[in-house]
Structures are given as C-alpha cells and as structure tokens.
Amino acid sequence: MNEPAGAKPTRFLRDYRAPAWRIDEVELDIDLDAAATIVHARLALRQEDAAAPLELDAEALELLELRVDGRMLDAGEFTQGEGRLVVHGARGPLVLESRVRIAPERNTALQGLYLSGTREHGFLLTQCEAEGFRRITPFLDRSDVLARYTVTLRAERARYPVLLANGNADGAGELDGGRHWARFVDPHPKPSYLFALVAGRLESIERAFVTAEGRRVRLVIHAEADAIARCGWAMQCVEHAMRWDEQRFGRCYDLDAFHVVATHDFTMGAMENKGLNIFNAKYLLADPVNATDDDHRHVLAVVGHEYFHNWSGNRVTCRDWFQLCLKEGLTVYREQEFESDLASRTLRRIEDVRLLWRAQFSEDAGPLAHPVRPDRYSEINNFYTATVYEKGAEIVRMLAVVLGRDGFRSGLDLYFARHDGHAATIEDFLAALGDANGVDLSPWLAWYEQAGTPQLRASGRHDAARRCYELTLEQHTAPTPGQPHKRALPIPVAVALFDRAGRALPLRLDGEAGGSATSERVLLLAADAATFRFVDVDEPPTPSLLRGFSAPVRLVQDTPPQALAAIARHESDGFNRWFASDALVRRLFAQALAHGEPDATLFSAWIGCVAGALDESGVDPALVAEMLTVADAGALADGLDEIDPEAVYQARTRVETGLALALAAPLARRHAALGDIDDLAVDPPTQARRRLRNACLAALCRADVAHAPLARAQYERARNLTDRLAALGALLSMRDATAGAALADFATRHAGDALVLDKWFALQAGEPDPRACDRVASLLAHPAFRWSNPNNVYALLGAFALRNPRAFHRADGDGYRLVADAIVRLDALTPQVAARLATAFGAWRRYEPVRRALMHRELERMLGRDRLSPDLADILGRSLAGD
Ligand code: PHE
Ligand code: ZN
C-alpha cells in the first residue's frame, strides 16, 4: 500500500535492529521561558556498530550549537532535516553537546514542551510519549535506549516558582535577576519517552508514605490554585494504588518522591513519566459536587493505571513501539483488578465488556483493524487504540485465568526480575510467564499477531440414555486487512451447568477420575472445533458459557431464550447474569430490526428476569442498573452486514421503551424505595444505589412524560453532580418544557468550570436526535469552547461523532460535513486529536449505500487537502485503502 501525501513511511516490526549507538548518561540544562526555552544537552554516547553513522532524532527545534568532545562543529560536519540530525564521521565513545531553542507557547500539538493555559496564568510541561522528546533535544528517541538523567531547570522565580523533573531532588537555589534553579537526578535508567518536566505557579497537597520495603516517600499532587481543593480523592487513590501493588503483586515504589500534576490541556488520559505522572485534569480532580460517581471511579482507575506503569512500563519497558501492548495491556489489566478489588468487580467487568464490544470489536471489523501487536505502522500515535489497550488487557486476563492466580503472580515476578531495567518484547513476557509455570505459552502469541474478533459457536446436546452433556465449540475469524487467512487461537471458555432448580452441577469430563468436581471448568479450545463431554448429567442442563467473559470473542450460542432468562435470574455470579440478559437484548434487538417488533415470548422472558432482579433483595443495585441499561447503538450494530443508523436507533428504542413500559410499576416502587441516599458520599455501595435510582428515573421518564416532575424535582434538589446531570439528561430526553431552562441554569451554575461544562457539551452533543448536529454547530461558538483544548473537542465533537450515531449519520450528510470541517481545522492545531476524531469515518463501508457514499466523499475531501499531518494522513489513507 502506498502512503498518502503527508504520511510518514511505514515501519515494519521485521526490520527491527538493536541501536547502533547507545546513550548511558544524559545531562540536561534547561532555561525555561514560554516564548523561547534554551535546552543544553550533554550526551555520553557509545558506539555498538562501528559502521553506523550517528543519526539523532530532532524535530521542531532550532539548533544553535553542536559540539563533539568539547569541540564546536561547523556547518559542514553535520546535516539536519526531515526529523534527523546526522553527525558526519562520528566515532564513539564521545560526548555530544547540543544547544537548541524551542517555543513552548507556539506548540499546539501538545507534544514536547508546551504551555498549559495562557501565557499569563499557565504553566510549562512536557509530553514525550511516543516521540515527543525529539522536540526538546536531539536524541536517540527510541524506547530501547535507556539512560540515566540529571536535569537542571532554571526559570524566573515569580512566574515559575515550582520546578519539577523526574527522579530525586538534588539541590536548588537562587540566581541573579529573580531567577532560580533546581536539579533532579533519576537513578533509574529510562527511555526518553518517560522524561518529564513541569514549571509554573502550582499549589500542592502532600502526604508521607512508607513502602513495604521501608522507603519513606513524599506523595505530592500539584494543580492550579482553583483546582487544588479537588485533589483529595486522587491522593487517597495514590495511597491505595501503592499499597495494593505491594500486596497484590509485590511491587514497591522506588524513588524518594512521587509527583502528580493536573493539566487541562492534554491529548490523552494521563502519562506515567517516571516519578512525575502528568494527568488530564479530567482524570484527577474529583469531589461529589463537581464530579460524578463515574468520575470518581475513573480517577481511581487512571491514578492506579499510571502508578502501576512504574513497574509495567517503566522498570520494564518496551523494546520498540510495536510492543506497546506489553506495557498497556498488562497495565490495563492491573488497573482493572485494582478497581475490581477496591470498588465493584461486577460493574467494572460489565463496563469493560461493553467498551470492548462498542469500541474494539467495531475497530476489528473495519479498515483500521490491526493486531494487538501491529507488525507495521506509519504514525505510532494512531495505535493508542481499543485494540492495543482493551484487547491487550483481555489477553493478559486469559493468561491469568489459564495460569491461575498464583501461577500468574509467579510468572509476573519472573518477568519483572528478568527484565528489570531493560526493554522487553511480547515474546519475553510469554516466556517468563511460561517458564515460571513450566508450560509453553507460545501458541498465545497468535492472539497478539492476529487481528479480528473470533466468533465462538457453542452448541449443547444432552444424551439422557448415556447421562451426559456434550458441548461443541467452534471458532472462526473473518479476514482483516492484510490477513486473509486466520489461525485457530487458544480460547479459554469458562463453563458452569445449572440444573432446573438453579443449582450448579459438579462438572466431570468423560475419562476423568472421580474425586472432587468443581462447578466451573475452563475449557481450552485450541483447534478449530472440539467437543467436550460432561458425564453424570441426568437432566438437560442450562449452560452458562464464557463466564466472566473469559475470552474476547463474539459468542454465538444455541441456548434457548428460556435458558438464558434462567441464567439471568439464577447465575451465582453477577457479571454472568448481566451477560445473559445482554444476550437476550441482542436477540430482541435483532428481531425488532428485522420485523419491527421483538417476539412476545422472548420479550416477556427478558422482562421477567429484569423484574426479578428489580425486586430481589440482596442483589447489587449496580448490577440491576446495568440490566436496565440496554446496550448502546454502537455495540448493537456490531455484527450487522449493513448498518442503517436510523433503523438501529428505532429498533433499539423499541426494546428500551418496551422495558420501561412493561416495568413501570416495579420501577416506580424501587425508585421510591431508594429515596434517601447520602448526597455527598461516594463509597461504592452508595454509588451503586444512586446508579440504580438514576437508571429507574431514566426508564420511568422514557415510559411516560408524566414522570417529568420527578426529574424536575431531582434537578432542583440535587446536591451532587451525578444526580443533577442524571435529572438534566432525563429532562432533555423527554424534551420537557423546562429542559431549556435547566440547561441554561446548569451552564450558569458551573460557569468557569471547564470539566463540568464539558459534560454539558457532551450531553447536548449526544442527544440521539438529528437536530443535535445543529446544536453542536452553534456550541462551537460558545465562549467556553476552545479548539486548542482536546477535552473541549472530545466533549463536543467526540461525543457527537463517536457516540451519537443517529445524529452523526444524519441522512442529509450534515453531520459528516460538520465533523470533517472540524477535523481539517484541528489538524493544523493538534494532529493527534484530529486523527482520533477521523476514526469516526473508518467504518464507512459498513453503512447503507447513501451514507456510505456521503462518508466516502468526506474522506476524499479531507484527503484532498494539502498539508495534512502524518497522523491524519495515516488514518485517512488506511480508511480508504483498497478503494
Ligand atoms: N501512556 C499513557 C497511558 O496509557 C497514554 C499516553 C500516550 C499519554 C501518549 C500521552 C501520550 O497511561
Ligand atoms: Zn498506560
């Protein structure tokens, strides 16, 4: 495939070569200033390949001076261009010194050194993953070059009172002219993408922590003055994360201080820079009045995620960017376990599976499909995807299930011990896990190398005469770009069988000796198909398959609806109850899409099990809330050959409204019974009750506008953001007469609070109504919306293009035009954000002909612009490939 104009050349995993030069020590002296920062670097370089020229990465910087072993080079001794700096005739070892000038305040790409906020009130910070360090200083900017850093920062004291970099503080002092300095030494060798500095007027909160190894650590969270009061929750999360990683995985912190900084200008969630994590404020600031319950859980998860990277990512890093999932898949898995242990395991698993279905399966079904470990890329920024992160975590989860808790732990212990201080690969990871357990895990590499979602077909047969139950499992993976033929993968399928009374049967496979039988078995399907025979089964059982979602596959089962309903009612595990109920929803949706109405028997089976859960005491309210929440349109459209978004919307609404109407009475009862909830508490049980009460409210309002007073009253009385937003959402979806006034009230109440206003933007952009398109167009001119702020862009345009299929896919193409224009505009500012938004067009071939043509036209139009960023050119090129 040829790259479109503007794209970088494709890199291939098979071309990997160990670095020809290495850097052992780095000394940086940085004179900070928003308009012009001077970076002086001193690199101790070693040559490993005598024939290799010295080529450094260097982008968007003005080279002032270059020296080798103290001698200044003149112009003929090096060449600079196309992102490289080549020093002619260099022979190692040598000391290379460079002096460059950069302009942080003009850096809207938000990679390298940039300004957060305004020149008067902002602060300076860096973002280096994946290839941002080369915008700070010429370097071997690749993750397998690990060096020790000493960093000295200098700046005007009044404007930049706080100076931070990775590692331990190593002195500070005053300079002439109102300036000051601070030095940091990071004793741990690290790749350049983990470098960070922060400078500015920041407030902080601090706690002391003693690790299990006895190290005293300062925990410090820094934020701008108006945000520091909202950092308390995050601090608790840091403490929990540190303790949890010690207890669950034996991992301790390894520096004297752990700094966390919040910024409003960030392209992603957060960044795990060594000892100096930088967070998008959205994932750090939380209190009940200004953040929702979900925000609180997200802060917990992301704080954990970044902290856990200190081992899975920093101490053991990635050999190259093809191995991105090595750190991300493992760290997402660790984050999932952390949240599961501290908050609700059932809820986290349901959310992960919903996300996988909505974002990853659909990615796998379109032109942007790629393996968890891609074998090629043009722009690495575009591979921070649901596939690398979420499917990557699912693979780790499967390995954890197969090896068992202790086996997985000893495998990870060996992995960390073997590769500490080094850059590793997926093969290294599998080898360590396998060696620690005396098993060969190499078949699992196929999960990393093969794109596409496997389909798992399950069919069961009871043989009364032989008292056995035969379960046949078959797998099939459809071709994806560049991979026409698929191999069979090892698929762990967790199974339980229930009898008519809802009791789990002891499971014994044919040929196994007697003794204690467990009620769950993990069957490993290692070939295209296999049949498993359970013996001593007297009556036809009800199977519960893929328990806990034991593999990231699309399950197709012949289980009759009554059996699914029985599982949704009686499964011993909450997640599996939801999973069965979700399977029923999918069948109902398919019927509504095909025939206009779902089948009445199936429908009442589903209603029966949701009603049962609503009235059942002792069941987790969060689970009931999830059973009341129909899968979103994106998840339901997965698997359709040709998508008509309007038809999907109508069919989904029929199912959703049907539920609300059928359950009006029990919903009202439960809603009333949940009446009194501590408004300002955010402990998991309280959050769960609030979640259910708001799910009941949403359903009641869907059933009958007569319930509007409930929503209005809740809006008026709400003391926390969760309840206020839920009420506002209900008013909006009913088109209640007071909705406009409530929207205006909300904006006034939270004026000046960027994070809360983002929710206000997202709510309006996400309204499943074609008119949302016009609303988004006018909100682009709202004073609180800034094109240069990624959170604003994701809240308004992301919510519209990626989460509101009915409006984005308006049949007249206005939604497409609006978003394509925005993408072009953003591309000149923040290419990473433009490229992410452009993925909304990726699945264009899966839509009905009219939309397909309209989407295609916008893709072509964007591609036809000159001066596309490599990021956007890559997404557009791959979306249109084969066209
Ligand atoms: N490495 C970050 C994480 O997942 C994500 C990130 C990537 C942030 C690139 C910024 C830039 O924790
Ligand atoms: Zn990560």
Side-chain angles (χ1 to χ4, degrees), residues 107-114 116 125-136 141-143 166 190-198 234 237-238 241 245 260-284 298-318 320-339 352 355 359 372 377 379-393 395-396 423 790-791 794 830-836 870-871:
N107 180 356
T108 58
L110 311 187
Q111 293 192 76
L113 179 66
Y114 66 94
S116 174
L125 75 163
T126 53
Q127 172 52 45
C128 292
E129 185 176 4
E131 298 182 331
F133 192 66
R134 61 189 63 185
R135 293 163 170 265
I136 296 174
D141 192 11
R142 46 186 286 174
S143 59
N166 320 86
K190 65 167 174 289
S192 50
Y193 80 87
L194 291 173
F195 170 82
L197 73 81
V198 169
C237 297
V238 171
D245 212 14
V260 175
V261 178
T263 169
H264 283 282
D265 298 285
F266 206 72
T267 61
M268 307 279 272
M271 180 63 212
E272 70 266 25
N273 317 298
K274 183 78 189 188
L276 178 49
N277 288 184
I278 295 180
F279 274 68
N280 187 328
K282 183 178 171 184
Y283 295 110
L284 197 72
H298 296 158
V299 169
L300 178 74
V302 181
V303 163
H305 181 107
E306 305 312 328
Y307 175 72
F308 303 143
H309 267 314
N310 192 52
W311 277 93
S312 48
N314 300 5
R315 288 286 288 257
V316 179
T317 195
C318 304
D320 52 66
W321 292 120
F322 299 101
Q323 323 289 330
L324 179 58
C325 61
L326 179 70
K327 73 178 176 83
E328 295 305 345
L330 177 54
T331 305
V332 171
Y333 171 76
R334 277 150 57 69
E335 164 207 326
Q336 291 175 347
E337 285 300 292
F338 173 59
E339 185 185 323
D352 283 331
L355 176 64
V372 171
Y377 64 77
E379 175 52 71
I380 189 59
N381 287 341
N382 290 333
F383 283 81
Y384 291 80
T385 59
T387 297
V388 170
Y389 275 65
E390 314 309 325
K391 189 175 175 184
I395 303 176
V396 176
N791 283 353
Y794 291 135
T830 323
Q832 237 174 305
V833 173
R836 191 153 279 234
D871 307 62

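The figures here come from the full heavy-atom set of this structure, side chains too, leaving out hydrogens, waters and symmetry mates. Atoms within each ligand, like the ligands themselves, are counted from 1 in listed order. From a predicted model like this one, the values you see are computed outputs, not experimental measurements.
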How far does NZ of K282 sit from CE of M268, to the nearest 0.5 angstrom?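 So the NZ of K282 and the CE of M268 are separated by 12.0 Å.
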If only side-chain N and O atoms count, and only distance matters, is there a donor-acceptor pair under 3.5 Å linking [Y] with [X]?
X	Y	result
S312	T331	yes
N166	N273	no
H305	E328	yes

Is a side-chain donor or acceptor of S143 paired with a backbone partner of C318 at a separation under 3.5 angstrom?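 It does hold such a pair.
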At the Zn ion (ligand 2): angle between H309 atom NE2 and H305 atom NE2, to 10 degrees: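 Seen from the Zn ion (ligand 2), NE2 and NE2 are separated by roughly 100°.
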What residue pairs, at least two apart or across chains, pass salt bridge (Lys or Arg N to Asp or Glu O under 4.0 Å) with a residue in residues 263-273?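 Only D265-R786, E272-K327 qualify under salt bridge (Lys or Arg N to Asp or Glu O under 4.0 Å).
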Below 30° counts as parallel, above 60° as perpendicular, anything between as tilted: where do the rings of F338 and F308 land?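 Judged by the thresholds at 30° and 60°, the geometry between F338 and F308 is perpendicular.
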Check ligand 1 against the protein and report each N/O to N/O distance under 3.5 Å, formatted as atom name, atom name, distance.
residue, atom, partner, partner atom, Å
ligand 1, 1 (N), E129, OE1, 2.6
ligand 1, 1 (N), E272, OE1, 2.8
ligand 1, 1 (N), K327, NZ, 3.4
ligand 1, 1 (N), E328, OE2, 3.2
ligand 1, 4 (O), H305, NE2, 3.4
ligand 1, 4 (O), E328, OE1, 3.2
ligand 1, 4 (O), E328, OE2, 3.3
ligand 1, 4 (O), Y389, OH, 2.6
ligand 1, 12 (O), E272, OE1, 3.3
ligand 1, 12 (O), H305, NE2, 3.3
ligand 1, 12 (O), E306, OE1, 2.8
ligand 1, 12 (O), E306, OE2, 2.9
ligand 1, 12 (O), H309, NE2, 3.4

Any N, O or S atom of E328 closer than 2.8 Å to the Zn ion (ligand 2):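 Coordinating: yes.
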